[in-house]
Structures are given as C-alpha cells and as structure tokens.
Amino acid sequence: MRSRRKILDATLDLIASDGFEGVTIAAAAQGAGVTRQTVYSIFGSREELVSQAIAGLAVEVLGGIHSRSNATDTTCEYVVELIVAGRAAVRAHPVLATLLQAERGNPVFDTGMMSRAKPVARELLATLVERDPGVESSLDDIVEIALRLALSVVLFDDDAVHTDDDLRRFLTRWLLPAMPSSS
C-alpha cells in the first residue's frame, strides 16, 4: 500500500511539473523509488495510473465541496452547488487545473473517461438519496447529466457562466425542470 501511495504522489508531482505528457510509467517509478514492474502490477497502464492519481486528488478536495453542497435544501440546489464547488476546486488546485488543458494524456479527453468518472460521480451524488429518497429511481440519470454538465462548464468557460453566481443561475435554469418532482 505504501508503494501505491508513493507512485500516486510521484504521478501528481509529474503532472504538476510537466503536465500529463510528462507522466510515463518509468518517470512515475523513478519518482516513487520503485521499479516499472511495480507500477504496472499495481496500475496496469499509464492511463489507469493517471486516472487513479487524479481521482484520488479529487476525493481529497471533496471535503470543501461536500460542505458547500450539504448546506442546500433541494436536490437541484445540491447538484448545482456540487458543480459550482467542483469547478472552483479545479480552478484553484494546480494539478486539477491541468485538466483544463487539452494536451495528450489528459484523462478528461481519454475515450474511457466517462466509464471511469461515472462511479466517482455516483458516489458524490449518492447523498441525494439519503436527502430525498424520491430521487433513487432517477439517480443514474442525475449522475449522467450532472457529470456531462460539470465537464462542460469546467472545460468551456465563457462570460455567461464565468462567475459562480452566473453558473448557479445557468445550471438551475436547466437542471430544475429535469429533476424529480419531489425535489
């Protein structure tokens, strides 16, 4: 388990210093002080290594995101605040900010990204069922739309959604009609 953490930390350091293109199995192994075989045995591929490093970092910043989301009253407000807080976290953290750069190796632009991101998004949004049991049958749809919206507002900033308040208004306008009626 210690090797795994060292490899993930080395990978995050590589992303911060060299971007996604700087991450190789050999560089991560060297940074962690392990062999390439150790990296392959734990992660299997470079893509999985990068994805797990980013996912782990995202989980670390979730405390602030959850506290902002938990202060909401409705399902729609929860999803909106989750996206707004998530965008703020990506903008503020140097490694997460690299997700905004369309460079080779960026997991956001990897073909398997959605299949890896959905379980993370589902975990983030599972709290909705505790807050409002009426959304349970719609949770997969909420995960899908929230994930796609979150990615688009993080990657494609413009004047219409640049501030947090502008983003909240935009998301509420589009999400409120799509949410289950019990919210």
Side-chain angles (χ1 to χ4, degrees), residues 1-70 78-79 81-130 139-156:
M1 203 55 151
R2 232 170 68 144
S3 292
R4 177 181 171 73
R5 181 74 255 156
K6 289 165 79 176
I7 295 166
L8 290 172
D9 289 343
T11 301
L12 291 173
D13 290 344
L14 287 167
I15 294 168
S17 64
D18 302 329
F20 292 103
E21 290 183 19
V23 178
T24 65
I25 296 292
Q30 182 179 9
V34 300
T35 66
R36 287 176 24 171
Q37 184 56 39
T38 299
V39 177
Y40 277 116
S41 69
I42 295 172
F43 297 99
S45 70
R46 178 199 174 281
E47 291 74 21
E48 191 61 26
L49 169 62
V50 170
S51 292
Q52 286 191 34
I54 293 295
L57 178 59
V59 167
E60 287 178 28
V61 299
L62 285 179
I65 292 172
H66 273 298
S67 66
R68 285 175 62 173
S69 297
N70 286 335
Y78 183 92
V79 174
E81 199 56 39
L82 188 67
I83 294 170
V84 171
R87 181 181 73 168
V90 167
R91 286 178 171 175
H93 195 285
V95 172
L96 292 177
T98 62
L99 294 172
L100 303 175
Q101 301 165 11
E103 65 176 287
R104 191 174 61 81
N106 184 333
V108 170
F109 300 100
D110 181 89
T111 56
M113 189 281 301
M114 286 298 286
S115 63
R116 288 190 304 272
K118 283 181 185 178
V120 175
R122 192 172 214 304
E123 185 177 324
L124 287 171
L125 291 164
T127 306
L128 289 176
V129 176
E130 296 168 17
L139 187 60
D140 288 336
D141 290 337
I142 293 170
V143 166
E144 183 83 20
I145 192 67
L147 182 57
R148 291 181 184 278
L149 276 171
L151 286 168
S152 73
V153 299
V154 166
L155 293 172
F156 307 113

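- V50 is not listed as a side-chain neighbour of F43, based on a closest heavy-atom distance of 4.5 Å or more.
- In terms of heavy atoms, L139 sits closest to A126 at CD2-CA, 4.3 Å.
- By the 4.5 Å heavy-atom criterion applied to side chains, R5 and D9 are counted as neighbours.
- Counting only heavy atoms from C-beta outward, the side chains of V154 and R91 never approach each other to under 4.5 Å.
- The number of heavy-atom neighbours closer than 6.0 Å to CD of E144, taken from other residues, nucleotides and ligands shown, is above 12.
- Taking all atoms of both residues into account, the shortest heavy-atom contact from Y78 to L124 is OH-O, 3.2 Å.
- In this structure, the side chains of L147 and L125 stay at 4.5 Å or more apart for every pair of heavy atoms.
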Query raised in the report: Are I54 and V95 close enough, and set up right, to give a side chain to side chain contact (heavy atoms under 4.5 Å, CB included), and what steps lead you there?
Result: CA-CA 8 Å; I54 293 295; V95 172; 4.0 Å; yes
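- To the nearest 0.5 Å, atom OG1 of residue T98 and atom NE2 of residue H93 are 9.5 Å apart.
- Side-chain contact annotation: T38 with T35, donor-acceptor N/O pair under 3.5 Å present.
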Atom pairs and distances, side-chain donor-acceptor, residues 19-34, under 3.5 Å, sequence neighbours left out:
unit_1, atom_1, unit_2, atom_2, d
E21, OE2, R104, N, 3.4
T24, OG1, A27, N, 2.9

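- Contact between M114 and L151 at its shortest, heavy atoms only, is SD-CD1, 3.9 Å.
- Counting heavy atoms from C-beta outward, Q52 and R116 have side chains that stay 4.5 Å or more apart.
- Interatomic distance, I7 CD1 to I42 CD1, rounded to the nearest 0.5 Å: 4.0 Å.
- Residue L14 holds its CG atom at 9.0 Å from CG of L49, rounded to the nearest 0.5 Å.
- Scanning all heavy atoms of the two residues, the minimum distance from A146 to I83 falls at O-CD1, 3.8 Å.
- For the pair E60 and L57, the minimum side-chain heavy-atom distance is below 4.5 Å.
- Taken to the nearest 0.5 Å, the CZ atom of R36 stands 13.0 Å off from the OG atom of S41.
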